[in-house]
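Side chains included, hydrogens not; waters and symmetry mates left out as well; all remaining heavy atoms used. By convention in this document, chain letters (A, B, ...) are assigned in the order of the sequence lines, proteins followed by strands, and residues within each chain are numbered from 1.
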Amino acid sequence: MLQLFDTASQITKELSLRKPGVVGLYVCGPTVYGPAHVGHGRAVLTYDILRRYLEFSGFEVQHVSNITDIDDKIILRANAEGRSWQEVARECEEEWWATMDAMGVLRPVEQPHATAYVEQMVELIEHLIERGFAYQTVDGVYLKAALVPDYGLLSHQSIEDRRSGARVEMDEHKEDPIDFVLWKFAKPGEPTWPSPWGAGRPGWHTECVVMSLALLGEGFELHGGGQDLIFPHHDNERAQAVAVGSRFARHWMHNGMVTVAGEKMSKSLNNFTTLNELLEHTDARSYRLLVLRAHYRSPLEVNATTIEASAAALTRIDALIRRLDGSEVSRGEIATALSTELRDRFVAAMDNDLDTPAAVAEIFEAVRRANSLADAGDVSLAARLSEEIATLLGALGIEVHQARKIDDEVRSLVEQRDSARGNRDYSTSDKIREELENLGWVVEDTAEGTRIHR
RNA sequence: GGCGGCGUGGCCGAGUGGCUUAGGCAAGGGCCUGCAAAGCCCUCUACCCCAGUUCGAUUCUGGGCGCCGCCUCCA
């Protein structure tokens with residue numbers, strides 16, 4: 001079974017399940033105030049790949065990912081554009097899902113919105129106050145972090161380290177610099193919800209506690225997000241859950257950052273590429289393959305060179321699938337042994353903390369093998385291997401290309417070219433080839449005649 | 001300053017105490033082809049530095065150097 005590195009214990013281990021065969025997965029989703037960039041894409045792809053692989057392995061995955069639809073940045077943008085914050089959030093969310101669809105990412109089973117859970121957040125904060133973990137100041141309600149057992153468990157920072165680290169500018173009203181806000185009292189012109197302490201809105205971390213526990217229940221299996229969320233977001237989520245006496249996530253997973261020239265891609269550094277820009281000139285599968293070719297916890301360098309290398313690698317796979325498309329598929333012993341061996345190696349790599357680079361290497365090795373078999377005339381064996389390759393790629397979310405519809409005009413050109421070649425009229429056949437290439441087709445000669453593809 | 005992590009061949013990027021030439025991209029040579037394309041075969045460039053443990057270290061330990069992330073905006 002799958003072993004995953006756990007951020008809390010820093011050990012690679014199996015997920016501990018409440019119910020056999022079912023995995024509750026909560027992934028921190030986007031704050032919808034702008035377009036998704038390549039870094040978001042990596043995170044989403046990582047969990048999409050995890051989910052697909054778990055499903056491939058026979059698990060049911062209760063995949064929940066939230067939409068943060070109220071936040072300072074949303075308000076800021078709405079004010080700047082003279083629009084309502086709801087309009088900004090709704091528009092950005094629509095764009096988000098459209099982009100995710102284009103990326104071939106499965107929709108989470110549940111997509112809760114922060115604003116739909118404000119009442120429950122208020123209840124949670126009330127409990128925190130009752131239990132003595134939270135206090136009110138003139139500008140909000142804060143959690144007293146020092147009271148929480150194992151505060152800093154995920155970032156492995158002790159309270160003392162944190163305090164002395166203090167580049168935190170001391171908030172005027174907090175009792176301790178490490179405390180964090182649960183409820184913000186409204187400033188003029190800001191959206192508000194009612195609460196026992198006064199009108200305002202929730203702090204950032206509370207929503208995920210409420211929504212994950214509401215939808216997945218106590219002690220859910222796995223909580224994920226980007227490494228930049230370990231602190232403060234996830235430490236602070238956990239702190240609240242622990243403080244109210246809930247059993248929170250059993251296992252924590254964090255994906256590495258996307259880098260550009262060695263530096264983290266982020267909106268604040270303004271070195272980001274949006275996913276939509278990427279998709280304008282790249283097959284979405286190329287980016288998925290690029291993501292797969294680095295381990296999920298390593299930084300991933302994304303630039304024109306790495307994307308193009310990935311796109312080129314993808315054409316190798318597509319070429320194999322095309323080559324064997326429609327061939328008879330062997331069900332014999334040798335073919336079964338070949339495909340079983342591939343699957344076993346693939347699964348072993350994936351189960352080892354989602355070692356997708358190794359898993360992908362197995363697939364490429366099999367591609368070479370299948371081509372080699374086909375060259376040797378063992379086409380039905382090759383076809384069986386190719387079929388397995390397509391299945392395994394599917395488990396990673398890469399669909400192999402289907403043959404494209406060829407219209408009559410093009411088909412006629414192909415036929416003319418074959419007849420010219422049959423007559424050894426190569427000047428005509430080369431002319432037709434050029435014509436086809438100008439129409440955007442790649443032309444290949446095979447024993448069965450001209451084959452074309454895009 | 002604290003915490004987490006990294007340093008592998010032209011590039012990306014796995015892995016292991018002693019045969020992985022991992023894999024991909026790029027480059028060179030060959031086979032195949034009317035010419036191509038695709039494919040196959042071959043070749044090339046590795047494990048940051050210094051000590052130590054060991055019969056043996058790229059892999060383990062210590063030190064050094066360099067880099068990245070987080071330290072309450074952040075996937």
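- Applying the 6.0 Å contact sphere to CD of A/Glu437 captures more than 12 heavy atoms from other residues, nucleotides or ligands.
- Every residue two or more places apart in sequence or in another chain that forms a ring pair (Phe, Tyr, Trp, His ring centres under 6.0 Å) with A/His233 is listed here: A/Trp204, A/His205.
- B/rG18 and B/rG28: their P atoms are spaced 36 Å apart (whole Å).
- In this structure, A/Arg369 is not positioned above the aromatic face of A/Phe364 in the sense of NZ or CZ being under 6.0 Å from the six-membered ring centre and within 45° of the axis.
- In A/Arg345, the CZ atom is not crowded: 12 or fewer heavy atoms of neighbouring residues, nucleotides or ligands sit closer than 6.0 Å.
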Look for any protein N or O under 3.5 Å of an N or O in nucleotides 19-21 of chain B and output each such pair with its distance, or none.
none

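- With rounding to the nearest 0.5 angstrom, the CD atom of A/Gln416 is 9.5 Å from the OG1 atom of A/Thr428.
- For the atom pair CZ (A/Arg107) and CD (A/Glu110), the distance works out to 13.5 Å, reported to the nearest 0.5 Å.
- Along RNA chain B, the nucleotide nearest to A/Phe364 and the one nearest to A/Asn255 differ in position, and the one closer to the 5' end is contacted by A/Phe364.
- Nucleotides B/rG64 and B/rG69, compared at atom C1', are 22 Å apart to the nearest Å.
- With B/rA75, B/rG24, B/rU72 as the candidates, the nucleotide lying closest to the side chain of A/Asn236 is B/rU72.
- Taking A/Phe133 as the reference, nothing meets the ring pair (Phe, Tyr, Trp, His ring centres under 6.0 Å) condition, with sequence neighbours excluded.
- Contact check of residues 23-41 of chain A against RNA chain B (heavy atom, cut-off under 4.0 Å) returns A/His37, A/Gly39, A/His40.
- Searching all strands for a Watson-Crick or G-U wobble partner of B/rA22 with both distances below 3.5 Å returns nothing.
- Nearest to the side-chain atoms of A/Asp228 among the listed nucleotides B/rC70, B/rU72, B/rC68 stands B/rC70.
- Using a 4.0 Å cut-off between charged nitrogen and carboxylate oxygen, A/Arg451 and A/Asp445 do not count as a salt-bridge pair.
- Without hydrogens or angle criteria, A/Asp69 side chain to A/Thr115 main chain gives a donor-acceptor distance under 3.5 Å.
- Pair assignment for B/rA37 gives none, since no Watson-Crick or G-U wobble pairing has each distance under 3.5 Å.
- One C1' atom belongs to B/rU45, the other to B/rG10, and the distance between them is 8 Å to the nearest Å.
- Residue A/Ala309 is in sugar-phosphate contact alone, with no base atom involved, counting any heavy-atom pair closer than 4.0 Å across all strands shown.
- Nearest to the side-chain atoms of A/Ser266 among the listed nucleotides B/rC73, B/rC74, B/rC71 stands B/rC74.
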Atom pairs under 3.5 Å, N or O on each side, protein against nucleotides 14-16 of chain B: can you list them with distances?
| from | atom 1 | to | atom 2 | distance (Å) |
| --- | --- | --- | --- | --- |
| B/rA14 | OP1 | A/His295 | N | 2.9 |
| B/rA14 | OP1 | A/Ser298 | OG | 3.0 |
| B/rA14 | O2' | A/Asp355 | OD2 | 3.4 |

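- Rounding to whole angstrom units, CZ of residue A/Phe231 and C1' of B/rC70 are separated by 9 Å.
- Here B/rC74 presents its C1' atom at 14 Å from CG of A/Asn270, a figure rounded to the nearest Å.
- The residue among A/Trp204 and A/Glu301 whose nearest nucleotide of RNA chain B lies closer to the 5′ end is A/Glu301.
- B/rG62 sits 32 Å from B/rU21 when the P atoms are compared, rounded to a whole Å.
- Residue-level contact check: A/Gly256 touches the bases, meaning some heavy atom is under 4.0 Å from a base atom.
- Remark: A/Gln10 is in phosphate contact with B/rG5, judged by side-chain N or O atoms under 4.0 Å from OP1 or OP2.
- Note on A/Gln157: a base of the nucleic acid sits closer than 4.0 angstrom, heavy atoms only.
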Reading 5' to 3' through nucleotides 33-42 of chain B, protein heavy-atom contacts under 4.0 Å coded B for base, S for sugar-phosphate only, - for none: -BBBBSSSS-

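- For A/Asp425, there are no salt bridge (Lys or Arg N to Asp or Glu O under 4.0 Å) partners, not counting sequence neighbours.
- Nucleotides B/rG9 and B/rG15 are separated by 16 Å at their P atoms, to the nearest Å.
- For A/Ile230 and B/rC68, the CD1 to P distance is 18 Å, given to the nearest whole Å.
- In this structure B/rG4 sits in a base pair with B/rC68, meeting the Watson-Crick or G-U test at under 3.5 Å.
- The stretch residues 24-39 of chain A participates, sequence neighbours left out, in these side chain to side chain donor-acceptor pair (under 3.5 Å) pairs: A/Tyr26-A/Asn66.
- The base of B/rC74 sits within donor-acceptor range of the side chain of A/Lys264, with an N or O pair under 3.5 Å.
- Atom CE of A/Met253 is separated from atom C1' of B/rA75 by 12 Å (rounded to the nearest Å).
- Atom CE of A/Met265 is separated from atom P of B/rA75 by 13 Å (rounded to the nearest Å).
- A distance of about 39 Å separates the C1' atoms of B/rU20 and B/rG2, rounded to the whole Å.
- If you take CD1 of A/Ile11 and P of B/rG4, they are 14 Å apart, rounded to a whole angstrom.
- Checked by distance alone, A/Lys267 brings no side-chain donor or acceptor within 3.5 Å of a matching partner on the base of B/rC74.
- Residues satisfying the salt bridge (Lys or Arg N to Asp or Glu O under 4.0 Å) test with A/Arg90, not counting sequence neighbours, are none.
- Not one N or O on the side chain of A/Lys144 forms a donor-acceptor pair closer than 3.5 Å with the backbone of A/Leu147.
- If you check B/rA51 for Watson-Crick or wobble pairing at under 3.5 angstrom, you find it paired to B/rU61.
- Partners of A/Glu399 by side chain to side chain donor-acceptor pair (under 3.5 Å), not counting sequence neighbours: none found.
- Within the 4.5 Å cutoff, side-chain heavy atoms of A/Val410 are placed close to those of A/Trp441.
- The P atoms of B/rA22 and B/rC42 are separated by 13 Å, rounded to the nearest whole Å.
- Note on A/Thr306: only backbone sugar-phosphate atoms sit closer than 4.0 angstrom, heavy atoms only; bases stay farther off.
- In this structure B/rA27 sits in a base pair with B/rU43, meeting the Watson-Crick or G-U test at under 3.5 Å.
- Rounded to the nearest Å, the gap between the P atom of B/rC12 and that of B/rC35 is 38 Å.
- In this structure, A/Asp72 pairs ionically with A/Arg201, as a charged nitrogen and a carboxylate oxygen lie closer than 4.0 Å.
- More than 12 heavy atoms of other residues, nucleotides or ligands shown are found within 6.0 angstrom of CD1 on A/Ile159.
- Rounded to whole angstrom, the span from the CG atom of A/Leu229 across to the P atom of B/rU72 amounts to 14 Å.
- With a 6.0 Å radius and a threshold of 12 heavy atoms from other residues, nucleotides or ligands, A/Arg250 has its CZ atom above the threshold.
- With sequence neighbours left out, A/Trp252 forms a ring pair (Phe, Tyr, Trp, His ring centres under 6.0 Å) with A/His223, A/His234, A/Phe248.
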For nucleotides 8-10 of chain B, list the nitrogen or oxygen atoms of the protein found under 3.5 Å from its nitrogen or oxygen atoms, one pair per line.
none

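- Rounded to whole Å, atom P of B/rG23 lies 18 Å from atom CG of A/Leu392.
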